[in-house]
Enquirer: 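After the structure tokens below, expect a handful of questions from me.
Every chain is numbered from 1 and lettered A, B, ... according to where its sequence line falls, protein lines coming before strand lines.
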Amino acid sequence: MVNMLLNGLQVSVDEGMTVLEAAKFFGINIPTLCYNEGLTPYGACRLCLVEIGEPGRSKLVTSCTYPVGEGLIVRTHSERVVKTRKLLIELYLATCPSSKVIQDLASEHHVTRVRFRPRDEKCILCGLCVRMCAEQMQGKAIGFARRGVDRKVTTPFDRKSEECRLCGGCMYICPACQARCQGPREEKPICNACLNLSQPCLDYFDDAMCFMDPCVACELNSGRTPKSERRNNP
Amino acid sequence: MTVTPKRLRAPEDLTVLRQSLVDRTDDRKPRIAVCGDTGCAVCGSLGLASSFKEIIERRGLKDRVGLKVTGCLGFCEQGPVVLVFPGEIFYRKVGPGDVEEIIDRTVLGGELVERLLYRDPITGQKLPRCSDLPFYKNQTRVLLEGNWRIDPNDIYDYIARGGYSAVAKALYEMTPEDVISEVKEARLRGRGGAGFPTGLKWEICRKTKGDTKYVVCNADEGDPGAFMDRSLLEGNPHSVLEGMIIAGIGIGARHGVIYVRAEYPTAVVKIRNAIEQASELGLLGENILGSDFSFDVTISKGAGAFVCGEETALLLSAEGKVGEPRQKPPFPAEKGYKGKPTVINNVETFANVPLIIKNGAAEYRRVGTEKSGGTKIFCLVGKVNNTGLVEVPLGITLREIIFGIGGGIKNGKRFKAVQTGGPSGGCLPEQMLDLKVDFEELSRAGSIMGSGGMIVMDEDTCVVDIARYFLQFLKSESCGKCFSCREGINRMLEIVEGIAAGEGSPEDLDLLEELACAVKDASMCGLGQTSANPVLSTLRYFRDEYLAHVELKKCPAAVCRALIRFQIDENLCTGCGICRKECPAEAIEGERRKPHTIDPNRCMKCGVCMEVCKFGAITKS
Ligand SMILES: Cc1cc2nc3c(=O)[nH]c(=O)nc-3n(C[C@H](O)[C@H](O)[C@H](O)COP(=O)(O)O)c2cc1C
Ligand code: FES
């Protein structure tokens, strides 16, 4: 066991844990995008940032990859963390607005504007699919190619892979292409429909706020019947 | 004089060998040193060297006059450079036709060849000796000293000047702990960029448990325009090898790897040759100098990615994996090459080590500052009069480097900014010229030491354009793993390009600053963490210039194409018509012998008209 200071609380946790796991254990919610319990932490989305060290000499690190240690001081929601995290979410929104996961993150973290030029990327390069394929499906059919803005997930030499068994694990785990958000219209990269839900909805739907699955407001907006309603009158 | 290699089996053998070579160090003996490094080689120095050789042989002077093709002599601007000993006479821009004359008049006759001497641009005086030239006079050449006197292809040259005696001393007169504490005491800090105390790094690695440990030399040097490490490897490869062996003694490693970028083929040849020669003499391999310490060095070639200079990426790349940085901890000292404890240092860091061991930490620390000992090599480039490789004590001011050694700004223009630390360094303005160059001061000022690039800019440089240039470089060199770095740099560039195109707004500056801070904070490796420096430092010191771009839609330095206008002064224009003929956009109209005009809608701002006008009638604003 090691002792550390987590948001001002003296806690003791198992050695070998990551800061993210420790925070989860104590009920602190840290947003993640490229993390999944069953896969090796990757540290690419940068959303799980936390501040470590004495104030004044602190730095930000990704909690999903940072190991706990004796005497470590961690702040998961300091001003610096929140500000950086919000800007990253804003960047995600500007880059990949059609992902419902990202739209929900925006609402959850009150990101209500996008100041960057909107683009519509299909992939956020979180690498979940690559790790899913390699670690859970023993496939190793896909990987990363190129660098910088040209980086992409692909099969070797962009050819059809012999290794791929079409299991669909990659699609299942993808936060960008699974469950497209119906919310945003083309000229507006941000949905925030969840934030604008009026109070009556709260009685009407049994799930209070809808960062939960599926996004009720989005489905409302697109004119489809929400799940809860469907359940009542099939 | 040729020596047949004989394995050295004890430190005394080395001493005996050195004594037999003593006449090589005699600077009174006539000797010619021709710079064979890239800058001079491009200007034909290798041909020059062979004509020296041929003439010396033809005239039967072989035993009387020595000839060496050396590594970079530093003053690349004046190449091809030839030094004549005794006297360290400096001849510049030497051509094949000058060879006979140099031999006849200087080497044999002891006179000077006036026309090949360097002329001080300020006083107009001709300066014969290296030590008279302001460029050399104001430097402290400790590491680069070897480049003047040593033939990099000949290990005996190095040994004659005390080479490998530090290895003998570390093996026979010191314990590994002594070696480490000497390096710590010397306050040697890593020259690869971050400035981590080298002794401390070694100590951590020594204390980490493990049977197999590695010493890795970082010779990736990917900064555009930097060639400090290449010059050391090509000019004095044994000093780097010796440093690596001593590191091996210190941490208890028996294998070393030099990771060198594949774009440095000459350096690879020189190191390979050096490794062979050292192995023949028993200075590498099993039982070095008869001790029970063994150490070998292999070469690993990179594949041209800037990010592979980052230590964790480099180690992965050397193992044959994808060169992407990984999260630290664990640090390489705990878990590095092939998962084993590894010390990774820069070329220049290793080159400092033999000096420390040989002369002792106290002597070494006589140069440098309280917190960092020794000298640092910089590549002084850009709009200064004297460009080249300069070695200065840490703690010297920027002004001394740029004006004392660099000889001030070209063409009498005004100094505007100096960029230190390579692509992810910061731009420092005139009011920072008295800043002392060391790791802390530079980072306090918003820049970094980096590996030693130093780009001087004059008043004709636009800082927005500079930020754009470096962001573009970093955008294509980011590995792309961290979202904050990949997308952050991309978006910073998008905003800066908008500003340069006249589409920026004052809010863009705030957004740019906010984004830059986030990228700096959120990225994993040094590339992302420092990528915001060009933006943040220019915003900090040159905000007015950004404001001129976004508010007045003007580029004060007249660089950003979208914001400049070419105009013809009708009083000066003679109507010769040459600009009309040369303009590729057919934007210039006018009758012969009457003042011409430029149609701003058609003008594509290439600037050809301004270049061809003989009357200076065309201006841009
Ligand atoms: C993007 C990036 C590029 C780097 N490039 C180099 C390089 O070309 N050469 C080098 O010696 N160090 C480079 N470094 C620094 C290394 O990561 C590391 O700090 C250094 O090799 C440690 O050696 P030192 O302690 O002797 O400086 C780079 C770092 C980063 C983040
Ligand atoms: S969850 Fe930690 S970086 Fe993505």
Side-chain angles (χ1 to χ4, degrees), chain A residues 18 33-34 41-52 58-67 69 72 78 80-96 102 113-117 119 121 123-127 130 143-153, chain B residues 303-308 313 321-330 334 471-495 497-498 503 505 507-525 527-529 531:
Chain A
T18 62
L33 205 49
C34 69
Y42 184 56
C45 76
R46 317 306 288 172
L47 281 186
C48 67
L49 288 173
V50 296
E51 189 170 349
I52 58 163
S58 62
K59 60 174 182 175
L60 302 191
V61 298
T62 43
S63 58
C64 68
T65 52
Y66 206 87
L72 189 69
S78 65
R80 186 167 162 203
V81 169
V82 171
K83 201 169 161 221
T84 311
R85 200 180 274 158
K86 281 181 82 166
L87 194 84
L88 287 178
I89 295 177
E90 190 179 337
L91 266 181
Y92 270 116
L93 270 180
T95 313
C96 189
I102 290 172
R113 57 177 178 175
V114 172
R115 292 165 291 173
F116 303 99
R117 212 175 290 163
R119 261 201 346 246
E121 301 265 314
C123 175
I124 53 173
L125 297 165
C126 67
V130 175
F144 290 106
R146 315 254 185 96
R147 67 166 183 254
V149 283
D150 298 327
R151 189 177 170 92
K152 61 175 185 178
V153 172
Chain B
F306 175 64
V307 76
C308 283
K321 300 192 181 128
V322 179
E324 259 169 31
R326 64 156 176 78
Q327 172 93 44
K328 294 180 276 190
E334 296 147 2
L471 285 173
Q472 227 155 25
F473 175 84
L474 292 166
K475 173 182 160 186
S476 55
E477 293 299 332
S478 158
C479 81
K481 178 174 168 180
C482 290
F483 176 75
S484 52
C485 174
R486 181 184 72 238
E487 196 55 32
I489 294 177
N490 195 15
R491 295 293 186 163
M492 283 196 279
L493 180 62
E494 188 178 284
I495 299 173
E497 277 176 345
E503 293 154 9
S505 65
E507 294 78 55
D508 278 351
L509 299 190
D510 299 329
L511 179 61
L512 183 61
E513 197 156 8
E514 197 183 326
L515 175 62
C517 290
V519 172
K520 192 178 176 126
D521 252 359
S523 304
M524 182 182 70
C525 85
L527 193 146
Q529 285 165 2
S531 65

Enquirer: Which one wins on heavy-atom pair count under 4.5 Å against chain A: B:P329, B:S478, B:C479?
Expert: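 Top count of heavy-atom pairs under 4.5 Å with chain A: B:C479.
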Enquirer: For A:R115, enumerate each residue passing the side-chain contact (heavy atoms from CB on, under 4.5 Å) test, keeping only those at least two apart in sequence or located in another chain.
Expert: A:L87, A:E90, A:R113, B:L511, B:E514
Enquirer: Using a cut-off of under 4.5 Å on heavy-atom pairs, state which of A:T62, A:L60, A:V61 scores highest against chain B.
Expert: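 Option with the greatest count: A:L60.
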Enquirer: Where does A:I124 contact chain B at under 4.5 Å (heavy atoms): side chain, backbone, both or neither?
Expert: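 For A:I124, backbone heavy atoms alone lie under 4.5 Å from chain B.
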Enquirer: Does B:A522 offer a backbone N or O that forms a donor-acceptor pair with the side chain of A:R46 under 3.5 Å?
Expert: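 The answer is yes, because a donor-acceptor pair under 3.5 Å joins these two groups.
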Enquirer: So what's closer than 4.5 Å to chain A heavy atoms on B:S476: side chain, backbone, both or neither?
Expert: backbone
Enquirer: Which bit of B:R491 is near chain A, if near means a heavy-atom gap under 4.5 Å: side chain, backbone, both or neither?
Expert: side chain
Enquirer: Tell me whether B:E487 is salt-bridged to A:R119, with the criterion being a basic N under 4.0 Å from an acidic carboxylate O.
Expert: yes
Enquirer: In chain order, what residues pass the ring-ring contact (aromatic ring centres under 6.0 Å, His included) check against A:Y66, with sequence neighbours excluded?
Expert: none
Enquirer: Work out which heavy atom in A:L88 is nearest to a heavy atom in B:F483; give both atom names and the distance.
Expert: O-CE2, 3.8 Å
Enquirer: Please classify the contact of B:I489 with chain A as side chain, backbone, both or neither, using a heavy-atom distance under 4.5 Å.
Expert: neither
Enquirer: How far does CG of A:L125 sit from SG of B:C482, to the nearest 0.5 angstrom?
Expert: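 A:L125 CG to B:C482 SG: 11.5 Å, rounded to 0.5 Å.
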Enquirer: Do B:K475 and A:V149 touch side chain to side chain, with heavy atoms closer than 4.5 Å?
Expert: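 Touching, per the 4.5 Å side-chain cut-off.
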Enquirer: Could you tell me whether B:K481 sits above the aromatic face of A:Y42, with NZ or CZ closer than 6.0 angstrom to the six-membered ring centre and within 45 degrees of the axis?
Expert: yes
Enquirer: Would you say that A:R147 contacts B:E324 through its side chain, given a criterion of any heavy-atom pair below 4.5 Å between the two side chains?
Expert: no
Enquirer: Checking heavy atoms, do the side chain of B:Q529, its backbone, both or neither come under 4.5 Å from chain A?
Expert: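 Neither the backbone nor the side chain of B:Q529 comes within 4.5 Å of chain A.
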Enquirer: Starting at CD of B:E494, measure out to CZ of A:R117 and round the result to the nearest 0.5 Å.
Expert: 4.5 Å
Enquirer: Tell me, for B:N490 versus chain A, whether the close heavy atoms (under 4.5 Å) come from the side chain, the backbone, both or neither.
Expert: side chain
Enquirer: Relative to chain B, which of A:R151, A:E51, A:R80, A:R146 shows the most heavy atom pairs under 4.5 Å?
Expert: A:R151
